[in-house]
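Atom set for the values below is all heavy atoms of this structure, side chains included, hydrogens, waters and symmetry mates excluded. The shown structure was predicted, so the numbers you read here are calculated from the model rather than taken from an experiment.
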Amino acid sequence: MGMQKNLNFSAAPIGVFDSGVGGISVLKHLRALMPHEDLIYVADSKFAPYGNQTPAFIRARSFYLAEFLINQGVKALVVACNTATAAAVADLRERYSDLLIIGMEPALKPAVAATKTGVVGVLATSGTLKSVQFAALLEHYGQGVQVVTQACIGLVECVEKGELADASTVALLRQYVQPLLDANADTIVLGCTHYPFLKPLIEQLAGGSVVLVDTGDAVAKHLKSRLQESQLLSASDVAGNVSFWSNINAVGTEKVISALWGNPVSVAQLT
Ligand code: DGL
């Protein structure tokens, strides 16, 4: 796979994908930290949620999306999905060994550092929680504290529909947050990129003293330093383009994506 690295490769866009619209929470951090970069976001919403799919299926989707973004000439790829990172990032790195690929995993390390009660809660998809990568993360950072995990079936779907504060979302979330509070968790890891959009609601349910940790900011910082290292940061001084692609009904998804992004955007159809 010969990646074209001409002199202007630093002007190439950054590609970002997720099972759906959740990775927009990461995209916001990328935009804030690197406003001059062009960003291409791909939502695989037709196949969301990934959380209940097999790793083989998620890998196949990840290759498809990565291929699409590489054909757009991206200089770096962000897997803005914990579930897809666990299932596919190693294979992606093997196949596209020339490309800078950034994945993400639940922010267990900072959460363990932050807890005072010694109990950390983790909200994630069952795919992430069942992965060997998560087991390794627990083994590595979870020593000396109690880590209570909670798979949040159905929560990704709420965000996909843009239902960030609906009664059904509140009911579902209460059911997932309460066991963590009962276990005396004072720090909760948002281990899925869809969940930061539910932060206000989680804060409301968990009460003000519980700290919520997610990975978006760390991923943006990590990508920036890797681009810098490779002299791939854009030299532009004007605001970069942000373009959105999705493979479901353009009208409905445009509304949801615009709301999550915080600005009206048009969404191109991914076939
Ligand atoms: N945003 C994905 C993640 O970070 C959600 C996965 C899913 O679609 O279930 O895990």
Side-chain angles (χ1 to χ4, degrees), residues 16 18 22-34 51 78-87 89-90 93 100-152 155-156 159 173 176-229:
V16 182
D18 177 38
I24 294 171
S25 68
V26 180
L27 196 71
K28 284 184 163 184
H29 286 283
L30 301 181
R31 179 65 169 180
L33 194 64
M34 296 173 278
V78 177
V79 184
C81 177
N82 296 265
T83 314
T85 297
V89 82
R93 287 193 177 119
L100 173 56
I101 301 178
I102 307 290
M104 50 199 307
E105 52 189 17
L108 200 59
K109 186 184 174 186
V112 167
T115 180
K116 295 197 172 65
T117 58
V119 186
V120 168
V122 180
L123 301 174
T125 70
S126 60
T128 295
L129 296 176
K130 277 192 270 185
S131 68
V132 290
Q133 287 78 3
F134 186 72
L137 203 63
L138 262 187
E139 173 80 21
H140 199 74
Y141 297 113
Q143 308 296 336
V145 298
Q146 188 192 345
V147 178
V148 186
T149 63
Q150 177 66 56
C152 302
L155 214 50
V156 163
V159 179
L173 205 49
Y176 294 141
V177 170
Q178 197 54 50
L180 308 182
L181 302 177
D182 291 345
N184 201 25
D186 63 347
T187 310
I188 296 179
V189 177
L190 306 182
C192 168
T193 55
H194 283 71
Y195 303 166
F197 290 114
L198 299 169
K199 232 172 165 173
L201 202 52
I202 300 172
E203 271 162 1
Q204 199 181 311
L205 290 169
S209 58
V210 171
V211 177
L212 305 181
V213 198
D214 72 81
T215 331
D217 184 44
V219 164
K221 285 181 179 144
H222 182 56
L223 174 62
K224 186 176 181 182
S225 77
R226 293 290 303 275
L227 287 171
Q228 213 148 20
E229 246 168 61

Between [X] and [Y], what is the shortest heavy-atom contact and its length?
{"X": "Val16", "Y": "Ala80", "answer": "CG1-CB, 3.6 Å"}
{"X": "Gly103", "Y": "Thr85", "answer": "CA-OG1, 3.6 Å"}
{"X": "Val213", "Y": "Ala107", "answer": "CG1-CB, 3.8 Å"}

Separation between [atom1] of [X] and [atom2] of [Y], rounded to the nearest 0.5 Å:
{"X": "Leu123", "Y": "Tyr176", "atom1": "CG", "atom2": "OH", "value": "10.0 Å"}
{"X": "Leu173", "Y": "Leu201", "atom1": "CG", "atom2": "CG", "value": "5.0 Å"}
{"X": "His29", "Y": "Ile24", "atom1": "NE2", "atom2": "CD1", "value": "13.0 Å"}
{"X": "Met104", "Y": "Asp18", "atom1": "CE", "atom2": "CG", "value": "9.0 Å"}
{"X": "Leu223", "Y": "Met34", "atom1": "CG", "atom2": "CE", "value": "4.0 Å"}

What residues, two or more places apart in sequence or in another chain, satisfy side chain to side chain contact (heavy atoms under 4.5 Å, CB included) together with [X]?
{"X": "Ala183", "result": "Val119, Val148"}
{"X": "Gln178", "result": "Leu181, Asp182"}
{"X": "Ala87", "result": "Pro55, Ile58"}

How would you list, by chain and number, every residue that makes a salt bridge (Lys or Arg N to Asp or Glu O under 4.0 Å) with [X], sequence neighbours excluded?
{"X": "Lys224", "answer": "none"}
{"X": "Lys109", "answer": "none"}
{"X": "Arg93", "answer": "none"}

Beyond-backbone contact of [X] with [Y], side-chain heavy atoms, under 4.5 angstrom:
{"X": "Val147", "Y": "Val189", "result": "no"}
{"X": "Tyr195", "Y": "Thr125", "result": "yes"}
{"X": "Ile102", "Y": "Leu100", "result": "yes"}
{"X": "Leu180", "Y": "Val210", "result": "no"}

Atom pairs and distances, side-chain donor-acceptor, residues 129-142, under 3.5 Å, sequence neighbours left out:
{"from": "Ser131", "atom 1": "OG", "to": "Thr128", "atom 2": "O", "distance (Å)": "2.7"}
{"from": "Ser131", "atom 1": "OG", "to": "Phe134", "atom 2": "N", "distance (Å)": "3.1"}
{"from": "Gln133", "atom 1": "NE2", "to": "Ala86", "atom 2": "O", "distance (Å)": "2.9"}

Sequence neighbours excluded - salt bridge (Lys or Arg N to Asp or Glu O under 4.0 Å) pairs with any residue from residues 194-219: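 Pairs touching residues 194-219 that pass the test: Lys199-Asp214, Asp217-Lys221.
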I'd like to know if the side chain of Thr149 reaches the main chain of Val122, judged simply by a donor and an acceptor atom lying under 3.5 Å from each other, with no hydrogens or angles considered.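 Answer holds: no.
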Among residues two or more places apart or on two chains, list those pairs meeting side-chain hydrogen bond (donor to acceptor under 3.5 Å, both in side chains) that have a residue in residues 183-193.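 Residue pairs passing side-chain hydrogen bond (donor to acceptor under 3.5 Å, both in side chains), neighbours aside: Thr115-Asp186, Thr117-Asp186.
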